[in-house]
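Right, one structure below, let's go through it.
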Protein chains: 2
Amino acid sequence: MASTKASTIYDVAKVAGVSHQTVSRLLRGYAGIREETRARVLDAIKQLDYHPNITARNLRNGSTGMIALAIPDLRQPYFAELAQSVISAARDAGLTVFVETTDGNPERELAVLGGTQSQLVDGVLYIPKSIDADILTAQNIEFPIVLLGDRILDSQFDHVTLPNLEGARAAVQHLISLGRTQVAFIGAEPDTDFGAAALRLRGYRNALESAGIAYRHDLVIFDSEWERHSGASSMRALLDSGVPFDAVFCCNDALAIGALRTLLSAGLKVPGDVAIAGFDDTEDARFSFPSLTSVAPGRDELARAAVGLLQRRIEEGGARGAREEIVSGYSLAIRESTVGAA
Amino acid sequence: MASTKASTIYDVAKVAGVSHQTVSRLLRGYAGIREETRARVLDAIKQLDYHPNITARNLRNGSTGMIALAIPDLRQPYFAELAQSVISAARDAGLTVFVETTDGNPERELAVLGGTQSQLVDGVLYIPKSIDADILTAQNIEFPIVLLGDRILDSQFDHVTLPNLEGARAAVQHLISLGRTQVAFIGAEPDTDFGAAALRLRGYRNALESAGIAYRHDLVIFDSEWERHSGASSMRALLDSGVPFDAVFCCNDALAIGALRTLLSAGLKVPGDVAIAGFDDTEDARFSFPSLTSVAPGRDELARAAVGLLQRRIEEGGARGAREEIVSGYSLAIRESTVGAA
DNA sequence: CCCGAAGAGTTTATCGATAAAAAAAGCGAC
DNA sequence: GTCGCTTTTTTTATCGATAAACTCTTCGGG
C-alpha cells in the first residue's frame, strides 16, 4: 500500500542470499531451483511478508487482471443485482472489477470506451443504455469488449443477453392462462425493431396470437425509461385513456412496481381487477404487496457467461474469433400479483 | 489497452524532435518550455493520440489514484445507493473506485484489508457489517482507511456516519405527533451499546420520554439482519406476540418494506391501523404502496465527506492527524405510511 | 583429460513513466 | 568576444517486476 514501504523481490533476494531473478522464477513456478534454495527463498518471503507489486507486474506484462464494468446506475435494482453477480463471477475468475457508472448518459457511455482508465483494464463489460449499435461500431474499438444486458442490439460485438422474447411470451401466456383477455403492455419503445423492448413486444404478440387474441394498439404503452416513476405515469396514462384491461405485462420490474403503485392507489385490486407481471425478478418484486410475478433470467449464469467470454477474448489477444452471442435461460416466478387471493 | 500497442512518451518525443523528458515536463505542466517547442510537442501528442500509461505512472509515483470501496452487498438498495454516491463523489475528486463486495462475511471483510488488491489502491473506504471495532483495531492497518455507514463503531479510525440518534428520534416524534402511543421498534441488536442499532434505539427512547410515554420491552423487536425478509418475519413475530401497537419504527427501509408487507398481508391498514416509518430513504420506499415515511440522511453529502476525508488522509501520507468523525445531516421524508388516507 | 550438455544462478535489458543531475543555449554586461 | 547567469533541453537513474542472455558447476562419454 502507498503509505508503507513494502518489501520487493530484491529485499527477499538479499535476505535469502540469492539474486532477485531466482526469487522471481520461484514465484512464477519455475522448476529448476534446488530444494534447499527454494526453502531459503520461501523463508525470506514469509519473513518479510512479501507480496508482489501488482503495478510493476502489470507494467511489465501489459495486463492488469482488471476489467471495467460500465453500468448505467447502481440505484436501479436490476443493475445493482447484475453488478453484484458480475463482481462475484469476476472474483471467481480471478479478475477484479472496476465499476464505472454512466448514468445512461450517451456522453459518459462513450467516455468509458476512450477514457483514461480504459488503459488500466484488460477489457470492458459493457451494459449499454442509450448508446446504439451504430455509434458503438463507429467507435473503432480495439480492445476486448463484451456487451451485457437486456438492451443489446444486433452488433459486431460479443454479447450476452436475456431470453427477451421467450420470457415475455411465457409471462403473457401465464396471464392469458388465468383467463385474462385484455392484456396491456407497458414499456414499448418507438422506432426500434431490435432491442429488448421490441423483442419483448414480439413475445407478447406471439402469446396473444397463439391464444387467438387480437393485438390492440391501444393496450400498448410506450415507455423507454423503464424506471419506477415512469411505470407509475405510464399506468396513470393507461387508466386515463379509459381503455379497459384486466392484466398488464411490464417490460421490467421497475415499471411493474411503479404501475402496481398507481393501480393500488387508484383503488383497484391486484390481481382481482388487474393481474400484473414484470421481468427481471429483482428482489423488490418479492417484497411488494402483492408480490410480483416476474420473468427470472439466470442472472448469475448471465454474469458468469459474460465474464467467461470476456476472459477468453482477453486471452486470445488480438486474434479475434467469430462473434459470440449467449442467451441465458429463464424461469417464471409466479407470485401474488397474478395468482393472489385478492 | 492491452491488445494494441499504444504510443509512449518516447514516440511523442521522436515525432516532436525533442527528448522524452521535455514531453513529460509539458504533460505535468512545467513552465520552462519555449512556446515553439510546446506547440511541436502538443502537435505530436495529438497526432499520435497519445495517452499516458497509468500503470507506469503509478509504478513510479507509488500511488494509483484508485480507492477501494468495501461494501457488503450491492443487492441491498441502501448499499447500492450508497455505492453509487461514493462512485460519483470519487469521480468528482478525480479518483476511481474499485468495488469489493464482502457479503458481510467477516472473513471477506478482513480479506479486503490484507488482500492482493489492497496494494493497488491508495486507500480504502470501508462499509463494515459484521466486523467490530476490536477486530479492526487488531488488524494493525497501516494505510489510509475511512469507515463509512450506519454500522460504525467507536474506533480509532476516521469515520463518516449518519445522525442515527437524531434521525430515529425525529421519526418517532413524528409518529407520536400523529397521536400514536404504542410505537414498536424493529431492528434492535442484542449486546451492544454502540453502533447504529443502539443509537437508533436510544433516539426512539428519547422521543418516547419527551412525550411522557413509558418504554416497553415487549414493543422492541430484535433483528440484526436489517433485510427485507427479516423485517417480514420480525413483524410476523410482533403480530403473533399479541402485543397491541399502532405504529412501528424500523431501523432501516428494508426492514420497513418487509414489515409493511407482513402488515398488509395480515389484512391491516397502513397507516389506518398501524403507521410505519423507516430509515435511509431508499428509492423503493417512495414506490411502495403506501409509500414509506423515512429518515433521509444526506447520502451524497455523506459520500462526498467520506471521499474527501480519505483523499486528505492519502495526501497526508504517513503523518496521521487526529481521528475525525463526520456526521451527515438528515431530513424526514413524510409519506403515506404515516399520513396516508387509508 | 578434454568436450559438450544439462542444471542452477546471475547479469543485463526492458516495460513507460518521473526525478535529479548535467549540459547546452541564450543573453546582457564589461 | 567572453564571462557568468538564467532559461531550456538532454542524460542518466529509478520504481518493481519479467525476459533473455550469459556464467559457472557438475557430470558422463569418448
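Please read these numbers as outputs of a predicted model, since none were measured by experiment. Side-chain atoms are counted along with the backbone in the values below, which use heavy atoms only and exclude waters and symmetry mates. Order of the sequence lines fixes the chain letters, A, B, ..., with proteins taken first and strands second; residue numbering starts at 1 for each chain.
No contact: A:Y30 has no heavy atom under 4.0 Å from any strand. Residue B:L59 is classed as a base contact, given a heavy-atom separation below 4.0 Å to a base. Nucleic acid contact class of A:L27 (heavy atoms, under 4.0 Å, all strands): none. In this structure, B:T37 reaches the sugar-phosphate backbone alone: every heavy-atom distance under 4.0 Å involves primed, P, OP1 or OP2 atoms, never a base.
Both B:A56 and B:R25 lie close to DNA chain C; mapped to their nearest nucleotides by heavy-atom distance, the more 5′-ward contact belongs to B:A56.
Under 3.5 Å, the side chains of B:D300 and B:S85 contain a donor-acceptor pair of N or O atoms. A side-chain donor-acceptor contact under 3.5 Å links B:D122 and B:T64.
Two end axes, each from the C1' atoms of five base pairs, can be drawn for the helix from C:dC1-D:dG30 to C:dC30-D:dG1; they diverge by 80°, to 10 degrees.
Taking only distance into account, the side chain of B:R57 never meets the base of C:dT18 through a donor-acceptor pair shorter than 3.5 Å. In this model, a side-chain donor or acceptor of B:H20 finds a partner on the base of C:dT18 within 3.5 Å.
When distances are taken from the side chain of B:Q21 to each of C:dA19, D:dA17, C:dA17, the shortest belongs to C:dA19.
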If a protein heavy atom is under 4.0 Å from the base, mark B; if only from the sugar-phosphate, S; if neither, -; do that for nucleotides 23-28 of chain C going 5' to 3'.
------

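Looking at residues two or more places apart in sequence or on another chain, you find no salt bridge (charged side-chain N to carboxylate O under 4.0 Å, His left out) involving A:R60.
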